[in-house]
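Everything below concerns the one structure shown next.
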Amino acid sequence: MNKITIYDTLSGEEKELTPIVPGKIKMYVCGPTIYNLIHIGNARPMIIFDSFRRFLEYSGYEVTMVQNFTDIDDKIINKANSENVSCDEISERYINEFWKDSELLNIRAPNFSPKTTNYVDNIIKFIEELIKKGFAYQSGGDVYFRVRKFDKYGELSHRNIEDMRSGSRIEISDIKEDPLDFALWKNAKEGEPYWESPWGKGRPGWHIECSVMSTELLGKEFDIHAGGNDLIFPHHENERAQSIALHGTNFANYWMHNGMIKVSGDKMSKSIGNIWLVREVIKKYGPDTLKIFVLSKHYRSPIDFNEEGLEAQKKSVDRVQESLLSAEEFFGGNVPFVKHSENYEKEKEYIKNSLSVDFNTPKATAKIFDYSREINKAITDKDEKAVAEYYYLIKNEIGSIFGLFLSTSEKKGNKTDDIMKIVTELRTVLKKNKNYELSDFIRNKLGEIGIEIKDTPTGTEYRIK
RNA sequence: GGCAACGUGGCCAAGGGGUCUAAGGCGGCGGUCUGCAAAAUCGCUAUUCAAGGGUUCAAAUCCCUUCGUUGCCUCCA
């Protein structure tokens, strides 16, 4: 297996990936709170970590991936109240929609997709243990984590407790022993959903769910914990504190965090209201465009999102799709498999090596365009072997790692093809008779409805845009 | 105020001590092909990597300072 390095937030450096169990990787990705349709800010970690997981599998690892749904939380309660429906109805609805968007993006489902509300018993037990160990205390109907008792607090987000106090934006509360303490269990207010617990009716705090579900599904110590970098503090810091306090293990050995998507300088966020829904973007630009747009930037850098950028990306993706389609037509439908040449293996190595250094997807995706050009050249040269080789480098190597270019040829319907054949023949006759006025008229009219005519030396072709 | 990241061509974006007169994409310019067009293809489009110092035989890459941008410190992917 090739050496893979990734940047680890905790140590602040690139580290070689060494799994706890050789050949196996267990990873936990923080999923969304499901109170709305997902936007492309939510989609970035989905795209990145789905690809990373596929890359690990491509590299020979057996991967167990967990991504949770937070299905109980203030925002869900608010949404439910505003629509006058139950929280369950809200979370079920948006989980459903989440899967639709995932599928549109060609994102594989994780091995486990746990929901917080299914783990309340485990959460209660976890909290009880923390209380027994002195890391948590009850105050009224709430339970809090005693931050100062955990001496590693702040390690992950690289900050120290004293700095945080001087910031003094932390609310002072007389029910907490210390302003830094955070809630493990929240007392239920009037009209809120609740579960029975040793501390009365209430619900889990935000951070505890991930500690519990990761432990239940992956064990007390696992390999990779991932999510957006806005979760580093407080969410991941708190998760880590709870888990290490209770189990004494390292919890997660590697912390991966993706950068934010910004819109003209601001972070894309539901609370600011500058969001782009995944399904809107896909409808307008297609899944491959969105994915390559995301993957052509390094996952830790911020991305500035704008339509011009997507527009440019779409053009590049259309060109690739065009060449794949041409390759299929070149072989009359199906591109035959060919024995991997030395060159093919060399290219595979290049892709693998690029992705093995802190998952450098921009370097790998750049290859798509090189291969696309090679396909076009090979078609011109009638080099069957090369056409097939570069076709499969895109489709089966890069495509399988990133979930790209799954379907190329379904843009044409059967009847459309028949009609177009007639139109094409008509134009050929017209052109033979030098009736360019009429043949151009047909071409222009078709162009207006999005059918592009191309008169090539070998005959007339068309594309539906 | 504290912590962290970043500043590469007109725009997006890799590279992270020598193979960099810097990959790839978008755009632009020119050639080939074509009745014309589109597509394709070929060539050109950063002696330069925010600015100023320093280390080194050698820096876009390391160090310092300044300027600028962003994220986190409160729910957030």
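Bear in mind the structure is a predicted one, so any value in this text is a computation, not a measurement. In what follows, chains are A, B, ... by sequence order, proteins preceding strands, each numbered from 1.
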Inset, instruction - Determine the sole option in A:Phe112, A:Tyr94, A:Trp99 for which the ring-ring contact (aromatic ring centres under 6.0 Å, His included) test with A:Phe69 is passed. - result: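 Option passing the ring-ring contact (aromatic ring centres under 6.0 Å, His included) with A:Phe69: A:Trp99.
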
Inset, instruction - Using the six-membered ring of A:Phe369, assess whether NZ or CZ of A:Arg319 lies under 6.0 Å from its centre and within 45 degrees of the ring axis. - result: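 Because its charged atom misses either the 6.0 Å distance or the 45° angle limit, A:Arg319 does not stack over A:Phe369.
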
Legend entry - Test: A:Lys15 cationic atom under 6.0 Å from A:Tyr7 six-membered ring centre, within 45° of axis: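 So A:Lys15 doesn't make the cation-pi contact.
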
Scan side-chain atoms only and decide if [X] and [Y] contain a donor-acceptor pair under the 3.5 Å cut-off.
X        : Y        : value
A:Asp73  : A:Thr70  : no
A:Gln313 : A:Tyr285 : no
A:Asp358 : A:His298 : yes
A:His39  : A:Glu280 : no

Inset, instruction - Go through the structure and list residues passing side chain to side chain donor-acceptor pair (under 3.5 Å) with A:Ser439, not counting sequence neighbours. - result: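 Side chain to side chain donor-acceptor pair (under 3.5 Å) check on A:Ser439 returns nothing, list empty.
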
Out of [options], which has the shortest distance to the side chain of [X]?
X        : options                : value
A:Asn360 : B:rG15, B:rG35, B:rC26 : B:rG15
A:Asn258 : B:rC75, B:rA77, B:rA14 : B:rA77
A:Asn229 : B:rG71, B:rA77, B:rG24 : B:rG71
A:Ser316 : B:rA77, B:rC26, B:rG15 : B:rC26
A:Asp440 : B:rG24, B:rG35, B:rA77 : B:rG35
A:His158 : B:rA77, B:rA4, B:rC73  : B:rA4
A:Ile261 : B:rA77, B:rA38, B:rG24 : B:rA77
A:Phe369 : B:rA39, B:rG24, B:rA14 : B:rG24

Can you tell me how far [atom2] of [N] sits from [atom1] of [X], to the nearest Å?
X        : N      : atom1 : atom2 : result
A:Gln313 : B:rG25 : CD    : P     : 11 Å
A:Leu355 : B:rA23 : CG    : C1'   : 15 Å
A:Lys454 : B:rA37 : NZ    : P     : 17 Å
A:Ile451 : B:rA39 : CD1   : P     : 17 Å
A:Asp455 : B:rA38 : CG    : P     : 12 Å
A:Ile34  : B:rA77 : CD1   : C1'   : 14 Å
A:Lys434 : B:rC36 : NZ    : C1'   : 12 Å
A:Asn435 : B:rC36 : CG    : P     : 17 Å

Legend entry - With A:Asp50 via salt bridge (charged side-chain N to carboxylate O under 4.0 Å, His left out) - residues at least two apart: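 By the salt bridge (charged side-chain N to carboxylate O under 4.0 Å, His left out) rule, A:Asp50 matches A:Arg54.
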
Once you apply a heavy-atom cut-off of 4.0 Å, does [X] come out as touching a base, just sugar-phosphate, or nothing?
X        : answer
A:Ala312 : sugar-phosphate
A:Ser326 : nothing
A:His257 : nothing
A:Ile303 : nothing
A:Ile368 : nothing
A:Gly227 : sugar-phosphate
A:Asn444 : nothing

Inset, instruction - Measure the acute angle between the ring planes of A:Trp255 and A:Phe251, then classify it against the limits of 30° and 60° as parallel, tilted or perpendicular. - result: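 Rings of A:Trp255 and A:Phe251: tilted, 30 to 60°.
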
Inset, instruction - Treat primed atoms plus P, OP1 and OP2 as sugar-phosphate and everything else as base, then score nucleotides 5-12 of chain B 5' to 3': B for base contact with protein heavy atoms under 4.0 Å, S for sugar-phosphate contact only, - for none. - result: -------S

Legend entry - Close approaches to RNA chain B from residues 230-238 of chain A, in residue order (heavy atom, under 4.0 Å):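 Per residue number, the list reads A:Asp230, A:Leu231, A:Phe233.
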
Legend entry - Worked check of ring pair (Phe, Tyr, Trp, His ring centres under 6.0 Å) between A:His207 and A:His236: CA-CA 8 Å; A:His207 318 294; A:His236 287 341; 9.3 Å; no

Inset, instruction - Give a yes or no on whether a donor-acceptor pair under 3.5 Å exists between the nucleobase atoms of B:rA37, that is its base, and the side chain of A:Arg443. - result: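 Indeed there is one.
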
Legend entry - Presence of A:Asn160 side-chain N/O under 4.0 Å of B:rG2 phosphate oxygens OP1/OP2: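 False: A:Asn160 side-chain N/O out of range (4.0 Å or more) of B:rG2 OP1/OP2.
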
Inset, instruction - Evaluate whether the aromatic ring of A:Tyr436 and the six-membered ring of the B:rG35 base sit under 5.5 Å apart, centre to centre, with an inclination under 30°. - result: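 Stacking is present between B:rG35 and A:Tyr436, given that their ring centres fall under 5.5 Å apart and the planes under 30°.
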
Measure all distances between protein nitrogen or oxygen atoms and nitrogen or oxygen atoms of nucleotides 27-31 of chain B, and list the pairs falling under 3.5 Å.
| from | atom 1 | to | atom 2 | distance (Å) |
| --- | --- | --- | --- | --- |
| B:rG27 | OP1 | A:Lys315 | NZ | 3.4 |

Filtered N/O pairs between nucleotides 40-44 of chain B and protein, under 3.5 Å:
| from | atom 1 | to | atom 2 | distance (Å) |
| --- | --- | --- | --- | --- |
| B:rA40 | O3' | A:Asn376 | ND2 | 3.1 |
| B:rU41 | OP1 | A:Asn376 | ND2 | 3.0 |
| B:rC42 | OP1 | A:Lys377 | NZ | 3.0 |

Legend entry - Under 3.5 Å donor-acceptor, A:Lys26 side chain and A:Val63 backbone: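 Not a single qualifying donor-acceptor pair exists.
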
Legend entry - A:Val278 and A:Phe98, any side-chain heavy atoms less than 4.5 Å apart: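 With C-beta onward as the side chain, the pair stays apart.
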
Legend entry - Within-4.5 Å side-chain heavy-atom neighbours: A:Met27 and A:Thr64: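 Heavy-atom side-chain distance check fails, nothing below 4.5 Å.
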
